[in-house]
Amino acid sequence: MNASQPSTERRIAADTLQTYVRAIWEHAGSAPREAQLVADHLVMSNLSGHDSHGVGMIPRYTASLGDGQLKLNTHAEIVRDAGAVLTVDGRKGFGQVVAYEAMEFGIERAKKLGVAAVGLRNAHHIGRIGHWAEQCAKAGLVSFHFVNVAGDPLVAPFGGIDRRFGTNPFCAAYPRDGKNPLVLDFATAGIAYGKTRVAYNKGVKVAPGMLLDHDGKPTVEPKVMHEQPFGSLTAMGLHKGSGLAALCEIFGGALSGGYTTHESTLEKSNAIINCMTSVILDPNSFDAPAAQAEAEAFLEWMKASPRAEGADAIYAPGEPEEARRADRGAHGVPIDATTWRQIRESAVKSGMTESEIDGFANALQ
Ligand SMILES: NC(=O)c1ccc[n+]([C@@H]2O[C@H](COP(=O)([O-])OP(=O)(O)OC[C@H]3O[C@@H](n4cnc5c(N)ncnc54)[C@H](O)[C@@H]3O)[C@@H](O)[C@H]2O)c1
């Protein structure tokens with residue numbers, strides 16, 4: 001791959017892309033429901049503008065399957081039921097399946113008890129965390145999610161110069177009457193690792209302040225994350241982001257009965273293992289009949305701030321993703337040529353024939 005050259009992009013209709021992704025996983029051995037959940041999740045990440053967690057992940061998942069790490073057709077198992085607290089083992093199943101199932105367990109319990117905590121451990125990559133918060137919000141529930149990327153350090157702690165923890169995402173969502181939920185969902189690194197892959201594949205640089213090279217010096221070259229000698233991502237928000245990442249590591253990895261990142265847990269394979277502790281709340285269990293009105297009054301007040309120079313709008317959490325869904329839903333999902341070629345290679349590995357792939361490729365022109 002020549003990642004130093006900018007690559008061309010094509011736009012692909014979301015439903016066609018979904019059909020292709022479903023076919024890849026069905027050929028690889030996934031049951032139809034699994035293939036559907038994976039396709040829904042990946043394409044929704046692209047639609048939301050998070051290409052880092054979209055269909056570009058397929059080659060990594062294929063490699064993990066080849067390593068024997070990703071376990072197809074594996075379901076979430078409740079290993080301890082303590083009423084409001086559930087501990088769930090993902091057994092290295094597709095994160096798109098086991099996180100979905102873990103949230104279903106938590107939603108059912110939170111509706112019954114007003115609150116539930118779910119510790120999900122040993123899940124294969126669970127992708128865009130906002131997807132799980134949106135699942136809770138669709139059921140009318142508030143949620144907070146703390147996630148670690150177990151044994152896969154990429155980020156330097158504040159004050160350090162080498163990789164000590166993952167891009168450990170945090171997410172929180174608040175459902176709104178008759179409107180899309182507020183969804184705050186971010187990597188605690190300055191940028192998600194996948195965004196360095198997208199930049200590397202496109203042959204472009206990243207913003208200053210996001211990367212350190214192998215000597216700990218600041219750089220804007222995404223290759224330091226993809227070619228040896230490897231550098232690191234920086235944590236977002238200086239000491240505050242670094243601290244939030246540390247607590248995502250411990251809440252996600254330790255409290256769920258999974259594991260945190262240290263010398264003896266370093267991942268040697270292509271697998272990305274996530275552990276996630278989620279707290280799910282039923283807003284109707286609070287004595288707060290005006291909660292929706294208060295939230296809306298605040299959002300209106302916040303958005304009335306005069307615009308800073310260069311700012312096109314003041315967004316509530318989740319609004320940038322809604323805007324991208326509207327645009328990409330209408331005009332298709334952009335995929336760069338390198339990523340497209342890598343997905344094709346995965347389709348071949350999954351057992352699709354060249355002519356089957358060409359059939360999709362022609363439909364996708
Ligand atoms: N599974 C994993 O191991 C893993 C690891 C890291 C990240 N991720 C996922 O990667 C995705 C991307 O993370 P990221 O850190 O690059 O996201 P990001 O930097 O794009 O931030 C996204 C969040 O900020 C809000 N936002 C964006 N622009 C805004 C603006 N101008 N004004 C107000 N709010 C704004 C969005 O609504 C969203 O809540 C997330 O979905 C995250 O869950 C997953």
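Just so you know, these numbers use all the heavy atoms, side chains as well, and skip hydrogens, waters and symmetry mates. In listed order, ligands and their atoms are each counted from 1.
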Exercise for review: Please find out if less than 6.0 Å separates the ring center of H53 from that of H131.
Suggested key: no

Check your understanding: Parallel, tilted or perpendicular: which describes the rings of Y61 and W25, with under 30° parallel and over 60° perpendicular?
Key -> tilted

**Study point:** Polar atom proximity, K195 to ligand 1 (N or O, under 3.5 Å)
**Key:** yes

Point to revise | Proximal candidate to atom 35 (C) of ligand 1 [heavy atom criterion; set P320, G54, G166] | key: P320

Check your understanding: Any chance the rings of W340 and Y20 have centres within less than 6.0 Å?
Key -> yes

Review point. Would you say E321 has any N or O atom under 3.5 Å from an N or O of ligand 1, going by distance alone?
Key: yes

Check your understanding: Of the protein's non-hydrogen atoms, which lies at the shortest distance from atom 10 (O) of ligand 1, and what is that distance?
Key -> H53 CE1, 3.0 Å

Check your understanding: Are any of the N/O atoms in N168 less than 3.5 Å from those in ligand 1?
Key -> no

Check your understanding: Judging by distance only, is a nitrogen or oxygen of I191 under 3.5 angstrom from one on ligand 1?
Key -> no

Exercise for review: May I ask you to check whether V149 has an N/O atom sitting below 3.5 Å from an N/O atom of ligand 1?
Suggested key: no

Exercise for review: Kindly confirm or rule out an N or O of G130 lying under 3.5 angstrom from an N or O of ligand 1.
Suggested key: no

Practice item. May I ask you to identify, for R128, whether its side chain, its backbone, both or neither come under 4.0 Å of ligand 1 on a heavy-atom basis? Key: both

**Study point:** Distance-only polar pair, side chains of S278 and H145, donor-acceptor under 3.5 Å
**Key:** yes

Check your understanding: Does atom CZ of F286 have more than 12 heavy-atom neighbours from other groups under 6.0 Å away?
Key -> no

Review point. From atom 25 (C) of ligand 1, is the closest protein heavy-atom distance below 4.0 Å?
Key: no

Review point. With no hydrogens and no angle check, do the side chains of T353 and E356 hold a donor and an acceptor under 3.5 Å apart?
Key: yes

Check your understanding: Between S52 and ligand 1, is there a nitrogen or oxygen pair with a distance under 3.5 Å?
Key -> no

Review point. Just which atoms of ligand 1 are under 4.0 Å from any heavy atom in L184?
Key: 39 (O)

Review point. So, do H226 and Y193 have ring centers that fall under 6.0 Å from each other?
Key: yes

Review point. Could K303 and E319 be called an ion pair, given the rule that one side-chain N must be under 4.0 Å from one carboxylate O?
Key: yes

Point to revise | Pair R341 + E345, salt bridge at N-O below 4.0 Å | key: yes

Point to revise | Within-cut-off N or O pair, A187 and ligand 1, under 3.5 Å | key: yes

Practice item. Measure from the ring center of F144 to the ring center of F170 and say whether it is less than 6.0 Å. Key: no

Study note, to complete from the structure: Numbered in order shown, the ligand 1 atoms found under 4.0 Å of a heavy atom of T167 are 5 (C), 6 (C)

Review point. Would you say G318 and ligand 1 have an N/O pair spaced under 3.5 Å apart?
Key: yes

Check your understanding: Is V115 linked to L255 within one hydrophobic cluster, defined over Ile, Leu, Val, Met, Phe, Trp and Tyr using a side-chain heavy-atom separation of less than 4.5 Å?
Key -> yes

Practice item. For V183, take its heavy atoms, then give the atoms of ligand 1 lying under 4.0 Å from any of them. Key: 37 (O), 39 (O)

**Study point:** salt_bridge(R164, E249) N-O dist < 4.0 Å
**Key:** no

**Study point:** Residue portion contacting ligand 1 (non-hydrogen atoms closer than 4.0 Å) for H125
**Key:** side chain

Review point. What protein heavy atom sits nearest atom 12 (C) of ligand 1, and how far away is it?
Key: H50 ND1, 3.4 Å

Practice item. Inspect the contact between R10 and D336 and indicate whether a charged nitrogen and a carboxylate oxygen are less than 4.0 angstrom apart. Key: no

Point to revise | Of the listed options D185, T188, D312, closest to atom 39 (O) of ligand 1 (non-hydrogen atoms) | key: D185

Point to revise | Y315 neighbourhood, listing ligand 1 atoms whose heavy-atom distance to it stays under 4.0 Å | key: 30 (C), 31 (N), 32 (N), 33 (C)

Revision key, fill the gap. At under 4.0 Å between heavy atoms, what of N274 touches ligand 1? The answer is side chain

Review point. When you measure from atom 1 (N) of ligand 1 to every protein heavy atom, which one gives the shortest distance, and what is it?
Key: G127 O, 2.9 Å

Revision key, fill the gap. For A192, the ligand 1 atoms with a heavy-atom partner under 4.0 Å come out as 16 (O)

Point to revise | Distance in Å, L47 CG paired with L17 CG, rounded so as to fall on 0.5 Å steps | key: 8.5 Å

